[in-house]
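Okay, so here's the structure we're looking at.
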Amino acid sequence: MTVTDSNLPHGRDSLTEDLRWRGLIQDSTGLDELRELLDGGSATFYVGFDPTAPSLHIGHLMQVTTARRLQLAGHRPLLLVGGATGQIGDPKESAERTLNPPEVVAGWVQRIRDQLSPFVSYTGENAAQLVNNLDWTGEMSVVEFLRDVGKHFPVNKMLAREVVKARLETGISFTEFSYQLLQANDFFELHRRHGCQLQYGGSDQWGNITAGVDYVRRRGAGPVEAFTTPLVTRSDGTKFGKTEGGAVWLDPEMTSPYAFYQFWVNADDRDVTRYLRYFSFRSREEIEALEKETAERPAARSAQRALAEELTTLVHGEREMAQAVAASQALFGRGSLEELTPETLRAALTEAGLVHLDQLPDVAGLLRDSGLVPSLKEARRVIAEGGAYVNNTRVTEVDATVAPEDLLHGRYLVLRRGKRSFAGVELRG
């Protein structure tokens, strides 16, 4: 990755001002100090990811795209995967975390390291580096940890953390209480080993992050700085990154590229302008143009499609993005179903509602069994009125049937009622 002025998201502002315009700085150890560090040359920074699941999800996108943004501006990323902290878990306000076995965490560490790879460059003067905090934490004895790390943490300050106060009534284990010390020590070790000058993370990590800044300074190192990004929310109050099927994962085996694409295409108009600023690498001028178009022509969903294509390409690659776009068009009769791969077609039909049958009834029965109509009588009425389609071909005979050669990839049918209601059928066997 060659660093030039053109790598900055747009040419008229400094990196710090661009981050502020995008709404990416919620808290900081000082804007003047942050500006001096980010706009004054190349700095080494780190952001951490704990392996608490086999994949990252789109709630992590804020951090990985921010890392990419900082590297494009000339700074060097350290992407930390918490092989140690992932075995402990940051305290939750609700209850104690379930501890995962070390061998499970180790497997998740490798999967997450692989998922982080597309977002940054590992070559050049500011090449990114993947690090694992188990490398230094695993070497420490209990006595070393208590003497060298614990000595620098006043318990009264640790008790003042909101999440800790929330747990004092129901109880919190020493394991989770000590998480803050482990994360703070990560900052110190990365500063000592790699010259790391900056840490950032989500705003819910502000207590841990400032503890790390304070600890580095107490050890006589530094200066170091920090900032947090805002937690991403939805305007309707529902949790960002959740759908009816659960979390939207970055792993294509857990959330298909098509479903990932559709998540962004379906973003609320009230949210998409914020998402563009947070996640897109388009210039300010391009984003403001999309914001204006959304306000003037919301039905066109230009901002949603632009963001969906950009992020699907970033996470899953150009080919999967093109397949997701093709599937979106083909399902509504604006493209060829035959050109879709079996994986993309199945993913799209699963999102729409895929029924599994051992044998194929007539078209009226298919419309009923797929849930597009409530009864055979209604199915026949829809067919007679010209509103039924099989594989985007209108069916006009109420007793029409399908032949084996009509099956896409030998097993799928796409059913549609009218312009926008569709479902899928998969023939077993």
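Nothing here was measured: the structure is a model prediction, and the numbers come from that model.
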Step-by-step side chain to side chain donor-acceptor pair (under 3.5 Å) determination, Glu293 to Ser302: CA-CA 7 Å; Glu293 189 168 353; Ser302 300; 2.8 Å; yes
Test side chain to side chain contact (heavy atoms under 4.5 Å, CB included) applied to Arg111 and Leu56, step by step: CA-CA 9 Å; Arg111 287 170 65 103; Leu56 298 175; over 6 Å; no
Audit row: Gln205, Asn208, side chain to side chain donor-acceptor pair (under 3.5 Å) steps and yes/no: CA-CA 5 Å; Gln205 289 291 307; Asn208 288 336; 3.1 Å; yes
Side chain to side chain contact (heavy atoms under 4.5 Å, CB included) between His409 and Leu345, worked out: CA-CA 9 Å; His409 301 293; Leu345 180 61; 3.9 Å; yes
Side chain to side chain contact (heavy atoms under 4.5 Å, CB included) evaluation trace for Leu354 with His356: CA-CA 7 Å; Leu354 182 63; His356 307 274; 3.9 Å; yes
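Two rings, from His191 and His194, have their centers 6.0 Å or more apart. Remark: aromatic rings of Tyr46 and Phe187 are close, center separation under 6.0 Å.
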Expected list for residues 410-422: side-chain donor-acceptor pairs under 3.5 angstrom, two or more places apart:
unit_1: Arg411; atom_1: NE; unit_2: Glu426; atom_2: OE2; d: 3.1
unit_1: Arg411; atom_1: NH2; unit_2: Glu426; atom_2: OE2; d: 2.9
unit_1: Arg416; atom_1: NH1; unit_2: Gly418; atom_2: O; d: 3.0
unit_1: Arg416; atom_1: NH2; unit_2: Asn392; atom_2: OD1; d: 3.3
unit_1: Arg417; atom_1: NH1; unit_2: Leu372; atom_2: O; d: 3.2
unit_1: Arg417; atom_1: NH2; unit_2: Glu378; atom_2: OE2; d: 3.0

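Under the 3.5 Å distance criterion, the side-chain polar atoms of Asp39 are matched with a main-chain donor or acceptor of Leu15. Side-chain atoms of Thr312 do not come within 3.5 Å of backbone N or O of Glu309 as any donor-acceptor pair. The backbone N or O of Ser55 lies less than 3.5 Å from no partner atom in the side chain of Asp251, so there is not a single donor-acceptor pair. Remark: side-chain polar atoms of Arg346 are not paired, donor with acceptor, to backbone N or O of Thr341 under 3.5 angstrom. Side-chain N or O atoms of Thr255 include one that pairs as donor or acceptor with a backbone N or O of Trp249 at under 3.5 Å. Not one N or O on the side chain of Arg161 forms a donor-acceptor pair closer than 3.5 Å with the backbone of Phe177. No side-chain donor-acceptor contact under 3.5 Å links Arg219 to the backbone of His152. Using a distance-only test at 3.5 Å, with no hydrogens or angles considered, a donor-acceptor pair links the side chain of Thr29 to the main chain of Ala226. The closest donor-acceptor contact from the side chain of Tyr200 to the backbone of Ala67 lies under 3.5 Å. Looking at Glu351, its side chain never comes within 3.5 Å of a backbone N or O of Ala347 through a donor-acceptor pair.
Side-chain contact check for Leu159 versus Leu168: some heavy-atom pair is nearer than 4.5 Å. Leu198 is listed as a side-chain neighbour of Leu37, based on a closest heavy-atom distance under 4.5 Å. At least one side-chain heavy atom of Gln129 sits less than 4.5 Å from a side-chain heavy atom of Val131. Here the side chains of Val265 and Leu307 are not in contact, with every heavy-atom distance at 4.5 Å or above. Between Glu33 and Glu36, the closest side-chain pair of non-hydrogen atoms is not below 4.5 Å. Contact annotation: the side chain of Arg277 approaches that of Ile287 to within less than 4.5 Å [non-hydrogen atoms, C-beta and beyond]. His316 places none of its side-chain heavy atoms less than 4.5 Å from the side chain of Leu311. Tyr122 places a side-chain heavy atom less than 4.5 Å from the side chain of Ser117.
Closest heavy-atom contact between Gln180 and Ala211: OE1-CB, 3.4 Å. The nearest pair of heavy atoms linking Leu367 to Ser370 is O-OG, 3.0 Å. Here the shortest heavy-atom pairing between His75 and Leu38 reads NE2-O, 2.9 Å. Heavy atoms only, all atoms of each residue included: Gly86 and Asp50 are closest at N-OD1, 3.7 Å. Pairing each heavy atom of Ala306 with each of Leu290, the nearest pair is CB-CD1, 4.0 Å.
With sequence neighbours left out, the side-chain hydrogen bond (donor to acceptor under 3.5 Å, both in side chains) criterion links Glu286 to Ser283. The side chain to side chain contact (heavy atoms under 4.5 Å, CB included) test applied to Arg234 returns Asp236, Thr238, Phe263, Asp271, Tyr275, not counting sequence neighbours.
Here the straight-line distance linking atom OG of Ser178 with atom CE of Met158 works out to 7.0 Å at 0.5 Å rounding. Residue Leu250 holds its CG atom at 5.5 Å from CG of Leu61, rounded to the nearest 0.5 Å. Note that NZ of Lys157 and OG1 of Thr210 are 7.5 Å apart. Values are rounded to the nearest 0.5 Å. The OH atom of Tyr179 sits 13.5 Å away from atom OG of Ser173, with the distance rounded to the nearest 0.5 Å. Between atom CE of residue Met321 and atom CD of residue Glu318 there is a gap of 4.0 Å, rounded to the nearest 0.5 Å.
Under the 4.0 Å criterion applied to side-chain N and carboxylate O atoms, Glu176 and Arg167 are assigned as salt-bridge partners. A salt bridge links Asp32 with Arg35: the distance from a Lys NZ or Arg NE/NH1/NH2 to an Asp or Glu carboxylate oxygen falls below 4.0 Å.
Dense packing is recorded around CD of Glu103, with more than 12 heavy atoms of other residues, nucleotides or ligands lying under 6.0 Å away. Within a 6.0 Å radius of CD in Glu339, other residues, nucleotides and ligands contribute 12 heavy atoms or fewer. Surrounding CZ of Arg20 are at most 12 heavy atoms belonging to other residues, nucleotides or ligands under 6.0 Å away. Within 6.0 Å of the CZ atom in Arg297, the count of heavy atoms belonging to other residues, nucleotides or ligands does not exceed 12.
For the 3.5 Å distance criterion, the side chains of Thr294 and Asp269 fail to qualify, holding no donor opposite an acceptor. At a cut-off of 3.5 Å, with distance as the only test, a side-chain donor of Gln63 or Thr229 sits close to an acceptor on the other residue. Between the side chains of Thr137 and Asn185, no donor N or O sits under 3.5 Å from an acceptor N or O. Judged by distance alone, the side chains of Asn126 and Ser42 never bring a donor and an acceptor atom under 3.5 Å apart. A donor-acceptor contact closer than 3.5 angstrom is absent between the side chains of Gln197 and Thr44. Between Thr228 and Gln26, the side chains place no donor N or O within less than 3.5 Å of an acceptor N or O (distance only, hydrogens not considered). A side-chain N or O of Asp186 and one of Trp136 form a donor-acceptor pair less than 3.5 Å apart. If you check the side chains of Gln183 and Gln199, you find a donor sitting under 3.5 Å from an acceptor.
With Val47 as the fixed residue, the side-chain contact (heavy atoms from CB on, under 4.5 Å) test singles out one of Val64, Thr66, Leu79: Leu79. Just one of Leu349, Leu337, Val425, Leu340 meets the side-chain contact (heavy atoms from CB on, under 4.5 Å) condition when paired with Leu408; it is Leu337.
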